[in-house]
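Values below: all heavy atoms of this structure, side chains included; hydrogens, waters and symmetry mates excluded.
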Amino acid sequence: MNSPRIVRCPTCGGDSVFAPSNTWRPFCSERCRQIDLGAWASESFRVETTPPLEDLDPDALPPDLQH
């Protein structure tokens with residue numbers, strides 16, 4: 001029988017069982033899962049991207065990109 005895979009919890013860094021028996025995987029607990037969700041909701045975590053051209057001020061665009 002294989003032993004369950006143990007991974008590092010992304011929130012606290014502790015051991016977390018990465019198996020169907022852990023309903024919060026890859027987190028070790030519901031608390032760590034909620035902390036991570038809260039960080040995304042408060043925009044502490046975010047994926048950087050270039051804003052679409054339509055969201056930019058048209059006067060701030062270079063002349064070749066202005067409509």
(message) If you define the side chain from C-beta out and look only at heavy atoms, does anything of R25 sit under 4.5 Å from P20?
(response) yes
If you measure from [atom1] on [X] to [atom2] on [Y], what distance do you get to the nearest 0.5 Å?
X   : Y   : atom1 : atom2 : value
R33 : C9  : CZ    : SG    : 12.0 Å
L37 : F45 : CG    : CZ    : 10.5 Å
C28 : I6  : SG    : CD1   : 11.0 Å

Tell me which donor-acceptor pairs under 3.5 Å the side chains of residues 10-18 have, and how far apart each pair is, sequence neighbours excluded?
unit_1, atom_1, unit_2, atom_2, d
T11, OG1, C32, O, 3.1
S16, OG, N22, ND2, 3.2
S16, OG, P26, O, 3.0
S16, OG, F27, O, 2.9

(request) Taking all non-hydrogen atoms of both residues into account, name the closest pair between E30 and W24 and its distance. (result) CB-NE1, 3.3 Å
